Amino acid sequence: RRDNNCTLQQNLKILRRQYKIMQIVKFKDCHIADILKVEEECFLTPWSEKMFKEEISGKFSHYYVAEIDGHAVAYMGMWCLSGEGSITNVAVGKVFRRKGIAKALISHFVEIAKEEKLEFMTLEVRRSNEPAISLYKSFGFRQVGVRKKYYDNTEDAILLTKFFGE
């Protein structure tokens, strides 16, 4: 029986490697090293290890990562407070983009919002980030405002919100 279990485990590893099975799991300290690399790829001003440790341990914070082959390749975070969800970040490593990972994370967070009985979820996105804006709108987010020169005092942010219970 022990040999069968080892063989099964080996086969599962091979399958995971072949099919790149993705899992969405709670963001833990063990993910920080991978996510710091994602941050460097995605943002001009990446968060630090200390910032992540504070965020993932926050009382009102929800942070999850997308794991492939045991490595965190993307993450998303949201603060839930007073019936409101404020999405802090969504980031996917460059080689893993356009594979449905951001869509899976957003879907996961919409479910969290429903469980938490939030009235709405909101986020800011660079005006130039048309693929992200399109993705958010596909989930029912709509533009509710603009924050002038929000990013590095040069680029506007589009404020998008998804309302629940309308």
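Keep in mind that this is a model prediction, so the values were computed, not measured. The residues of the chain are indexed from 1 along the displayed sequence.
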K.L.:
So do Phe141 and Leu135 actually touch side chain to side chain, heavy atoms under 4.5 Å?
P.N.:
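A side-chain contact under 4.5 Å is absent here.
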
K.L.:
Checking side-chain contact (heavy atoms from CB on, under 4.5 Å) for the pair Leu159/Val146: CA distance, chi angles, key distance, verdict?
P.N.:
CA-CA 6 Å; Leu159 183 60; Val146 175; over 6 Å; no

K.L.:
Search all heavy atoms of Ile35 against all heavy atoms of Ala72 and return the closest pair with its distance.
P.N.:
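Closest pair (atom of Ile35, atom of Ala72, distance): CD1-CB, 3.7 Å.
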
K.L.:
Compute whether any side-chain donor of one residue and acceptor of the other, for Tyr75 and Glu39, lie under 3.5 angstrom apart.
P.N.:
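Yes, Glu39 and Tyr75 have a side-chain donor paired with an acceptor closer than 3.5 Å.
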
K.L.:
Can you tell me if CH2 on Trp79 sees more than 12 non-hydrogen neighbours from other groups inside 6.0 Å?
P.N.:
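Open.
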
K.L.:
Is it true that Tyr63 and Phe52 have ring centroids separated by less than 6.0 Å?
P.N.:
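That pair fails the under 6.0 Å test.
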
K.L.:
Are Met78 and Thr88 side-chain neighbours, meaning at least one heavy-atom pair lies under 4.5 Å?
P.N.:
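Counting from C-beta outward, Met78 and Thr88 never come under 4.5 Å.
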
K.L.:
Do Asn129 and Tyr136 come within less than 4.5 Å of each other through their side chains, counting heavy atoms only?
P.N.:
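No. Closest side-chain heavy atoms not under 4.5 Å.
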
K.L.:
Tell me whether Met76 shares a hydrophobic cluster with Ile133, the cluster being built from Ile, Leu, Val, Met, Phe, Trp, Tyr side chains joined at under 4.5 Å.
P.N.:
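Yes; tracing contacts between hydrophobic side chains, which count when under 4.5 Å, links both residues.
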
K.L.:
Check whether Thr122 reaches the backbone of Leu160 with its side chain - one donor and one acceptor, N or O, closer than 3.5 Å.
P.N.:
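Pair found, side chain donor or acceptor close to backbone of Leu160.
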
K.L.:
Say whether Met51 and Val38 are linked into one hydrophobic cluster, either directly or through other cluster members, by side-chain heavy-atom distances under 4.5 angstrom.
P.N.:
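Yes, Met51 and Val38 fall within the same hydrophobic cluster.
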
K.L.:
Would the number of heavy atoms belonging to other residues, nucleotides or ligands and lying under 6.0 Å from NZ of Lys149 be above 12?
P.N.:
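No, not enclosed.
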
K.L.:
Any heavy-atom pair between the side chains of Ile24 and Val65 that's under 4.5 Å?
P.N.:
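Answer no - side chains too far apart.
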
K.L.:
With a 3.5 Å distance limit and no angle check, can you tell me whether His71 reaches the backbone of Ile68 through a side-chain donor-acceptor pair?
P.N.:
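It does not hold such a pair.
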
K.L.:
Could you check whether Arg127 pairs with Glu155 (Lys NZ or Arg NE/NH1/NH2 to Asp/Glu carboxylate O, under 4.0 Å)?
P.N.:
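Not counted as a salt bridge, because no side-chain N and carboxylate O are separated by less than 4.0 Å.
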
K.L.:
Are any of the side-chain heavy atoms of Glu84 and Leu118 separated by less than 4.5 Å?
P.N.:
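No. Closest side-chain heavy atoms not under 4.5 Å.
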
K.L.:
Look at the rings of Phe109 and Tyr64 and say which category their plane angle falls in: under 30° parallel, 30 to 60° tilted, over 60° perpendicular.
P.N.:
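Answer is perpendicular, since the angle exceeds 60°.
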
K.L.:
Looking at Ser134 and Glu130, would you say the former's side chain and the latter's main chain have a donor-acceptor pair under 3.5 Å?
P.N.:
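A pair under 3.5 Å: no.
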
K.L.:
Given 3.5 Å as the limit, does a donor-acceptor pair link the side chain of Glu67 with the main chain of Met22, or not?
P.N.:
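It does not hold such a pair.
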
K.L.:
Ion pair present between Glu41 and Lys94, side-chain N to carboxylate O less than 4.0 angstrom?
P.N.:
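Salt bridge between Glu41 and Lys94, a charged N being under 4.0 Å from a carboxylate O: no.
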
K.L.:
Are any of the side-chain heavy atoms of Asp29 and Ile56 separated by less than 4.5 Å?
P.N.:
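Of all side-chain heavy-atom pairs linking Ile56 with Asp29, at least one is under 4.5 Å.
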
